[in-house]
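Take a look at the structure set out below.
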Amino acid sequence: MEYNFTSVEKKWQDFWRENKTYKTEIDPDRPKYYVLDMFPYPSGAGLHVGHPLGYIASDIYSRYKKQKGFNVLHPMGYDAYGLPAEQYAIQTGQHPAITTERNIQRYREQLDKIGFSFDWDREVRTCDPRYYKWTQWTFIQLFEHYFDRKENKARPVKDLIARFERSGNLGLEAACDLQEEFTAVAWMKMTEKEKQDILMKYRLAYLSDTMVNWCPRLGTVLANDEVKEGFSVRGGYPVEKKTMKQWSLRITAYADRLLEGLDTIDWSESLKEIQKNWIGRSEGATIFFPVKGHEIALEVFTTRPDTIFGSTFMVIAPEHEWVEKITTPEFNNEVKAYVKKASARSERERLSEVKTVSGQFTGAYCEHPFTGDPLPIYIADYVLAGYGTGAIMAVPAHDSRDYAFAKHFALPIVEVVSGGNIEEESYDAKEGTLVNSDFINGMDVPTAIRTVNQRLEAKGIGKMRINFRLRDAIFSRQRYWGEPFPVYYKDGIPYMMDESMLPLELPEVDKYLPTESGEPPLARAQNWKTEEGHPIETNTMPGFAGSSAYYIRYMDPKNDRVLVSTEAINYWQDVDLYIGGSEHATGHLIYARFWNKFLFDIGVSVKQEPFKKLINQGMIQGRSNFVYRVKGSNKFVSYNLRKQYDTMPIHVDVNIVSHDVLDIEAFRNWNPEFKNAEFILEDGKYICGWEIEKMSKSFHNVVNPDDLIEKYGADTLRLYEMFLGPLEQAKPWDTNGIEGVFRFIRKLWRLYHNRENQFEVSDEKPNADELKVLHKTIKKVSEDIERFSFNTAVSSFMICVNELSDLKCNKREILSPLAILVSSFAPHIAEELWALMGNNESVVNAQFPEWKEEYIAEDMVLYPVSFNGKTRFKVELPAGSTPKEVEDAILKMDDAQKWLQGKSPRKVIVVPGKIVNVVV
RNA sequence: GCGGGGAUAGCCAAGCCAGGCCAAAGGCGCAGGACUUAAGAUCCUGUUACGUAGGUAUUCGCGGGUUCGAAUCCCGUUCCCCGCACCA
């Protein structure tokens, strides 16, 4: 046994823990650097090799930054509330806190084995009352603030009340759900209930009846980002639309700031794009179309007011509030039937029937605001109740959906923008000249839009409007395992608890299920009321509540007076580098940005954006192996022979396959079914097939880091995870190949040891070759780490160690900096070598070496000489030679004469220090 | 449909932004050899084709172009992956 990684790694992990090597404090003398990982939900399955990928990358960067002189904050914690623990609790009666605690222990053990440089003294858990006290506190602040559109920031509700007392809401520009205006006098006359109802429409955290995503199987509502294609992201259960009284956060107030902020942060283009789409800003106008025979006007939203003269009918969503009101008696039955059919269809069905045109005429007509023409009003489910006003003016000539609808119902199609062929299809482009359009004829589209908008505003029948796709975030969940709301109800009006009551701790319940009357599990809690006897809110907060400001809490995790001290936030400021998966693009990463902006507005946070730079690590996919069973037998045929039989591929545990060769004994023991299996081999081996799939238990392709650490050590695992490929790229995990980095580790060890495995490093002065190897490695590795190209950095280490081995170099002046260089990638072996070289302090605190160009530069240049662009031979010449000297020297050579074949060169191109090309 | 990222040798993957030591780093796999009683470990050599070799020819998805010179720049084209999408 030469390098005993098991004992060395254990030794240093103990050392780091005992000496609190990674403890971080505020240090005004050093610049700060904050490296954050997305904290994990501790699931029962533990970590697989895909999970630590990002943590390893951030750990390398943290260690590197520290050696570069930064004071690095690198914390870790747990997103501990979540559905799996609760589902488990429902099944088994086991308290989710117990399951969660056990899972956290397991995670911690696994994380510790990989040798991370986390400052565990800063650990946070979202389910810890000392932590969620501040989640509740922030919720109260959200409740106590509204959004002032003029100042474009949150302001206290008490200011709003003062304003109402002074002048009502006349002329107030604030984000709210209230259309009506009222005066100060009217305000003063209102009852407490009426006042609270009004204020609720302004608060950033508010209670309202909203259309929610209800998931019956999970027994809770879900936010939009928790639903995908009509199914819950967690569990994959069907989701339906339902109106319920729910807490929401007025994130839409921040839509513009969330959008603008994207330009100021260093995130990947794709991630920014996803957020942009999710926010979905579109500029347009709302226009009122009077309904014939009624005193009302239908309000529509359009981004193309220029096409108003091409509008030939109106469409409203089946859920539109006026459907019943405007439907004429003769169409009553049909309309009712259509509405019923539409509402019965699940979200899933609606989406899958996108291509089928359906709708129903209501019998009612609108009047065109400019021409006065009658426009029939239809209901159709291609118009969504939740977007814009839930009503559109249909312009079939210039909108493909309206076009399909018009064709189906034989409605007129009027061209108003030239440039397309509306006989064939709608012309949706914004290029062309307006025709058939009265006062905007002859204009281009942008001019026409402006002109129509002006006319609409002047006539008071419409106004410019910016619309967002982003919806307010529904903030209540009908579940047990989450933060309780610090809210009680008095006379049916919700009030916030006093800050001194926080944290409001999660109560015990007898069962983790809703009550018989359908109330959330917290309704089962004994005495779930205030001292005065007022009932407490029974909903709990969603997953994103606890994860929205955890990065701030890490700065000052134990403070029980404030969320974060001024000193801590002023020093640590924001996250410099955030690494995590892109699946959080429309969830956590939007909410956290919103939450931070709010905290910024109320003076807690000091930066508009929480995460300066963000890297999405690519997903690690699984690489599955297959055996081929001959149908109807217990015989298995090797991969390349399988075509000669009628076979069925069966997933086989990748852990009993090495380089696609099956361990037959292990296979027999793997499953009793295969105990007596027979094999048809090739070359005496059973070769397995393979495929790239998701890493999942059901595919038997899950690779556990613990197993690899046991076999190869944590340093090898760390290096191999990085060596696999570019950090941001998705890639399959393939354990084949790990031997390569394992060999590298042992080869590194041997540089510092003699044949008898005794430590032996010489104090001799290094020669130019050795210095060159070292310095070009320092340069390459530094540059690679700076641009997060960890896979190429590992290659550079391999090259360096190979070259030093060839040079038989064991000189301290080379090997000492080399130990520092590799320490961020392979900290255990680096610590050991560093200590063997006589250092008393951890290599963590060493200074990262600087490269010197003088050692890298060459005296001689090896010029490749090409003829007509084809390299033919190489010549070594002094580095300082002029092009003329180079040309002369080369043309004199025999090799050159051979290629010239007696001809004289037409042209000789000399690129100093690089290459010579002779054109014949 | 909109947006983003790709295609390099048996496999993974550098190189492309700043064209030239590029038959193309590094690793895996494979083949041969050294050491060993043997296995393992380690080391060396080879791994597009032909040739013992010097070398020669043909390669970086495909087609064209620019250039003394193209994996790298430009134009076109095919295929793959990943987001978003009845949002008016």
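Remember, predicted model here, so these are calculated numbers, not experimental data. A, B, ... follow the sequence lines: proteins, then strands. Residue 1 opens every chain.
Using a 4.0 Å heavy-atom cutoff across all strands shown, A:Ile909 reaches at least one base atom of the nucleic acid. Nucleic acid contact for A:Ser796: none, since no nucleic acid atom lies under 4.0 Å from a heavy atom of the residue. When heavy atoms are screened at a 4.0 angstrom cut-off, A:Val919 is found touching the sugar-phosphate backbone but no base atom. Nucleic acid contact class of A:Glu269 (heavy atoms, under 4.0 Å, all strands): none. Looking at heavy-atom distances under 4.0 Å, A:Ile799 makes contact with sugar-phosphate atoms alone, never a base. Within 4.0 Å of A:Asp734, counting heavy atoms only, lies no atom of the nucleic acid at all. A:Asp806 comes within 4.0 angstrom of sugar-phosphate atoms only, judged by non-hydrogen atoms across all strands, and of no base.
Separation of the P atoms belonging to B:A85 and B:C74 is 32 Å when rounded to the nearest angstrom. Here the separation of B:C16 from B:U72, taken at their C1' atoms, is 4 Å to the nearest Å. Spacing of C1' atoms, B:A9 relative to B:G46, comes out at 15 Å, to the nearest Å. When the P atom is compared between B:C60 and B:U8, the two are found 12 Å apart, to the nearest whole Å. Nucleotides B:G10 and B:U59 have their C1' atoms positioned 16 Å apart, rounded to a whole Å. Taking atom C1' in both B:G55 and B:G65, the straight-line distance is 32 Å, to the nearest Å.
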* Check the pair A:Tyr387, A:Ser282 against side chain to side chain donor-acceptor pair (under 3.5 Å), reporting the backbone distance first and the verdict last. => CA-CA 11 Å; A:Tyr387 184 75; A:Ser282 56; 2.9 Å; yes
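Heavy atoms of other residues, nucleotides or ligands lying less than 6.0 angstrom from CZ of A:Arg755 number 12 at most.
Salt-bridge formation is not detected for the pair A:Glu269/A:Lys276: no Lys NZ or Arg NE/NH1/NH2 atom is positioned less than 4.0 Å from an Asp or Glu carboxylate oxygen. Salt-bridge check for A:Asp784 with A:Lys779: failed, with every basic side-chain N at 4.0 Å or more from each acidic carboxylate O. The pair A:Asp428-A:Arg304 fails the salt-bridge criterion, with no side-chain N (NZ, NE, NH1 or NH2) lying under 4.0 Å from an Asp/Glu carboxylate O.
Checked against B:A88, B:A41, B:G20, the side chain of A:Tyr387 finds its nearest nucleotide in B:A88. Proximity note for A:Arg750 (side chain, C-beta onward) versus B:A88, B:U42, B:C84: the nearest is B:U42. Distances from the side chain of A:Lys747 to the nucleotides B:G69, B:C43, B:A88 place B:C43 closest.
Distance CE (A:Met798) to P (B:A25): 15 Å, rounded to an integer number of Å.
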* Protein-to-nucleotide contact annotation, 5' to 3' order, nucleotides 12-17 of chain B [B base; S sugar-phosphate only; - none; under 4.0 Å, heavy atom] -> SSSS--
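Looking only at atom types and distance, the side chain of A:Asn616 has no donor-acceptor partner in the side chain of A:Ser582 under 3.5 Å away.
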Nucleotide N/O to protein N/O under 3.5 Å, stretch nucleotides 29-34 of chain B:
unit_1, atom_1, unit_2, atom_2, d
B:G29, OP1, A:His659, NE2, 3.2

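The partner of B:G26 is B:C12, by the rule that a Watson-Crick or G-U pair needs both atom distances under 3.5 Å. Pair check for B:C43 finds B:G33; Watson-Crick or G-U wobble, both atom distances under 3.5 Å.
Without hydrogens or angle criteria, A:Asn757 side chain to A:Glu2 main chain gives a donor-acceptor distance under 3.5 Å. In terms of modelled atom types and a separation under 3.5 Å, the side chain of A:His320 and the main chain of A:Ile316 share no donor-acceptor contact.
For the atom pair OG1 of A:Thr777 and CE of A:Met798, the computed distance is 13.0 Å after rounding to the nearest 0.5 Å.
Partner of A:Tyr720 under the ring pair (Phe, Tyr, Trp, His ring centres under 6.0 Å) criterion, out of A:Phe825, A:Trp733, A:Phe744, A:Phe790: A:Trp733 alone.
Counting distance only, with no hydrogens placed and no angle test, the side-chain atoms of A:Asn917 and the base atoms of B:C68 include a donor-acceptor pair under 3.5 Å.
Residue A:Ser400 places none of its side-chain N or O atoms closer than 4.0 Å to OP1 or OP2 of B:G1. Contact annotation: A:Arg304 does not reach the phosphate of B:A88 (side-chain N/O to OP1 or OP2, under 4.0 Å).
For A:Ile413, the side chain to side chain contact (heavy atoms under 4.5 Å, CB included) criterion is met by A:Pro396, A:Ala397, A:Tyr403, A:Ala406, A:Lys407, A:Ile422, not counting sequence neighbours.
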